[in-house]
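Take a look at the structure set out below.
All values derive from a computational prediction rather than experimental measurement. Every chain is numbered from 1 and lettered A, B, ... according to where its sequence line falls, protein lines coming before strand lines.
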Amino acid sequence: MNKIFLVIQREFMSRVKKKSFLLATILVPLLFPAIIGGMVYLAIQNEKNKELEVIHVLDESSLLKFEDTESYDYQLVEGPLDSAKARFSKSDDFALIYVPKIEVDNPEGIKFYAHTSPGVNLVDGFENKIEAQLRDVKLTRSGLTEEQLEELKTYVQIESFNLSETGDEKKSDSGVTFGIGYVMGFLIYIFLFAYGAQVMQGVIEEKNSKIVEVIVSTVRPFHMMIGKVVGVASVGIVQFLIWMVLMSVISFAGMAAFGLSMDPAETAQMMQAADEASSVQSNAKVQEMMSLINDIPITKIVLLFIFFFLGGYLLYGALFAAVGSAVDTPADAQQFMMPIMMPIIVGLMGLFMFVFPDPHGTISFWLSIIPFTSPIVMMGRIGFGVPAWEIALSMVLLVGGFIFTLWLAGRIYRIGILMHGTKVNYKVLAKWLMQKN
Amino acid sequence: MSLLKVENITKTYSAHQALTNISMEIPPQTIFGLLGPNGAGKTTLIRIINQIIEADQGEILFDGQPLSINHIRNIGYLPEERGLYKKMKVGEQLVYLGQLRGLSLKESSKRGKAWCEKLDIIDWWGKKVEDLSKGMAQKIQFIATVMHEPKLIILDEPFSGFDPINANLIKDEILELREKGATIIFSTHRMESVEQLCDHVAMINKSEKILDGSKAEIKEQFRDGTYYVEYKEGEIKAGTGFEILNTEEIGRGLKKSLIQYSPEGNPNELLKALIGQVEIHSFVERIPSMNDIFISLVKGNPELVEA
């Protein structure tokens with residue numbers, strides 16, 4: 001035990017003392033908000049600087065009204081179409097919309113010309129606009145007045161709540177839970193790859209520097225492997241915790257700068273005040289967002305994150321260590337990486353394909369229970385509220401999973417690290433697995 | 001009593017027989033040469049003694065007790081395939097390796113430094129291994145092998161990578177360690193160092209032990225009754241009980257002949273016969289070198305190969 005601790009200590013210290021660790025640990029929490037902030041800033045600037053786009057409209061039907069908006073300036077032009085097209089193509093203007101003499105019931109032949117291919121959303125937008133106007137025309141035709149038309153328009157916004165067994169209701173927001181799921185799942189994905197690769201690289205380096213034989217004459221290969229895997233894991237945990245602390249400090253500072261409070265009671269008060277004065281509705285929206293974020297059980301999520309990160313990492317780290325032990329160079333490792341990477345990637349794809357559209361569906365459930373995909377998928381689901389028994393089952397299976405892979409990897413590792421220049425394939429690995437010590 | 005007793009060790013890798021029923025006793029405070037061609041099974045035996053792998057059958061006694069992890073503290077191992085963590089500092093590395101052998105942090109640091117002073121590399125204590133020359137790195141590895149004062153030191157090709165000056169330095173250290181009570185298993189292909197250092201020799205070939213004993217005994221056993229004679233003028237003719245194997249001119253009017261006589265015969269009788277024929281300048285029995293013995297045994301040739 002004492003010696004495993006020595007190995008862990010060495011693995012930990014040798015990594016933490018590297019300049020790259022220091023850089024990554026300090027820069028990532030600074031860079032992420034900076035990148036996000038930068039993108040938001042650019043988007044806003046982009047929006048602000050957007051020039052009014054001029055759209056030529058040739059409306060032969062005289063059925064439609066085009067009202068100028070913030071971004072579009074509609075100019076009615078004279079026909080026929082050919083001359084309108086010629087004029088448009090010489091101009092720098094954005095687009096030409098051509099509406100022929102159409103029948104209200106069968107509006108065919110509307111055309112959209114632009115210098116470059118328009119985005120799907122753009123054309124969709126115009127289609128909706130024209131459809132709405134034609135609907136209005138039809139409704140007017142059936143005898144509705146303008147006022148009645150106005151009254152027909154309804155705007156609905158659904159507020160969703162999580163109702164717990166005790167009857168407490170908590171406001172939920174699928175945007176926020178989606179965000180949590182996305183960030184957590186993705187973080188686990190990145191951590192699995194980053195730290196798994198570190199383990200593999202460490203083992204290959206150790207093997208290449210030929211120090212292995214000295215070490216295994218003092219420590220059992222299995223203990224050496226565990227020491228390495230755990231040492232790298234502790235680097236990951238320390239890095240994650242430093243990130244959490246730094247990010248909280250930074251976001252707290254950011255909140256303070258924007259005059260927002262993280263204190264829920266205060267937030268609630270402010271929300272009430274905001275409700276009363278509906279003129280500051282947009283501010284109330286921000287406050288509401290803040291209160292939703294405050295409602296997230298941060299401690300629970302952080303603890304679960306650490307557990308699923310550790311579990312998933314041990315499961316894959318062991319396999320990465322086994323691959324590292326079997327090969328002589330990182331290039332040789334490629335052939336064995338595929339089967340290890342596949343389930344990780346399946347987990348991430350499952351997150352997008354199944355969990356976000358349907359967090360409680362059958363596939364989402366199974367992906368979050370099976371140990372190989374559960375770390376990513378369960379963390380992705382966690383924001384949507386997962387029953388305790390599912391989390392417990394997933395955790396137990398994950399522990400079983402990494403015990404199994406550690407055992408499996410240990411069998412390969414003990415032989416692999418002492419082998420040099422052997423051509424290794426799956427058959428050889430299987431042989432090592434069965435070989436007695 | 002022997003420090004290490006190897007009893008009927010057998011080890012098989014799937015289709016390959018690595019060791020067949022090997023037994024040997026390694027007396028305390030000796031330098032024990034473990035010889036054999038490549039692939040004979042030496043490394044397997046050394047790994048079994050280091051508890052890196054397990055034997056299929058047989059037992060090893062260390063100081064009379066079955067070998068166990070408690071003995072790791074008392075063994076130092078310098079493998080043939082050896083290296084260091086390149087990114088680690090020399091000092092940290094020695095302290096770490098000492099701790100793995102059971103020294104405390106403090107003790108490990110103290111002894112590491114003392115050894116570095118002794119081998120004149122203390123200036124490199126705070127430097128990274130990757131900045132060291134190969135010879136210096138070898139010194140560090142040697143220090144890591146012996147710094148915990150093990151009772152048994154296993155050295156596999158310890159001189160490879162050393163220049164002659166450093167090789168001599170290490171040789172002196174090895175002899176000093178023996179004087180201080182350590183037992184050394186010394187595996188090498190360099191027969192001249194076996195000649196110089198070893199008290200005892202065992203040889204493994206094709207997984208089996210084919211030779212075991214003190215160097216003096218072995219040499220006695222491989223005496224074949226040949227003598228070198230240097231003489232002036234004349235010519236030696238074969239006589240009773242001896243014949244001339246070859247003759248060469250060695251300058252200054254001298255000739256040198258290799259004479260085959262019987263190992264049991266009295267050299268005085270041979271000398272008498274020769275004095276009658278020529279003027280003898282030197283007369284010496286040809287003692288087989290370890291190199292001769294090695295080659296003849298491995299090739300399975302009962303007769304000694306010509307030197």
Per-residue tally against chain A (heavy atom, under 4.5 Å) across Ala144(B), Gly83(B), Pro79(B), Gly102(B) peaks at Gly83(B)
So for Glu80(B), is it side chain, backbone, both, or neither that comes closer than 4.5 Å to the heavy atoms of chain A? neither
At a heavy-atom separation under 4.5 Å, does Lys86(B) approach chain A through its side chain, its backbone, both, or neither? side chain
Do Lys118(B) and Glu176(B) meet the salt-bridge criterion of a basic N to acidic O distance under 4.0 Å? yes
Contact part of Lys18(A) toward chain B, heavy-atom cut-off under 4.5 Å: side chain, backbone, both or neither? neither
CZ-CD1 distance between Phe186(B) and Ile154(B), expressed to the nearest 0.5 angstrom: 13.5 Å
Can you tell me how the ring of Phe191(A) sits relative to the ring of Tyr195(A), calling it parallel under 30°, perpendicular over 60° and tilted otherwise? perpendicular
Winner by heavy-atom pair count (cut-off under 4.5 Å) against chain A, out of Arg73(B), Gln99(B), Gln141(B): Gln99(B)
Examine the side chains of Gln435(A) and Arg414(A) and answer whether a donor and an acceptor come within less than 3.5 Å of each other. no
Measuring heavy-atom distances to chain B, does Val212(A) have an atom under 4.5 Å in its side chain, in its backbone, in both, or in neither? neither
Given heavy-atom pairs under 4.5 angstrom as the criterion, report whether the side chain, backbone, both or neither of Arg47(B) touches chain A. side chain
Distance under 6.0 Å and angle within 45° of the ring axis: does Arg10(A) meet both against Tyr96(B)? yes
For Leu78(B), which atoms come within 4.5 Å of any heavy atom of chain A: side chain, backbone, both, or neither? neither
Got a second to check how far Ser209(A)'s OG is from Tyr85(B)'s OH, nearest 0.5 Å? 6.5 Å
Tell me, side chain or backbone of Val219(A) under 4.5 Å from chain B's heavy atoms, or both, or neither? side chain
Does the side chain of Thr188(B) pick up a donor-acceptor pair with the side chain of Glu157(B) at under 3.5 Å? yes
Please flag which part of Ser14(A) lies under 4.5 Å from any non-hydrogen atom of chain B: side chain, backbone, both or neither. neither
Part of Gln93(B) lying under 4.5 Å from any heavy atom of chain A: side chain
Counting only heavy atoms from other residues, nucleotides and ligands, does the tally under 6.0 Å from CD1 of Ile69(B) exceed 12? no
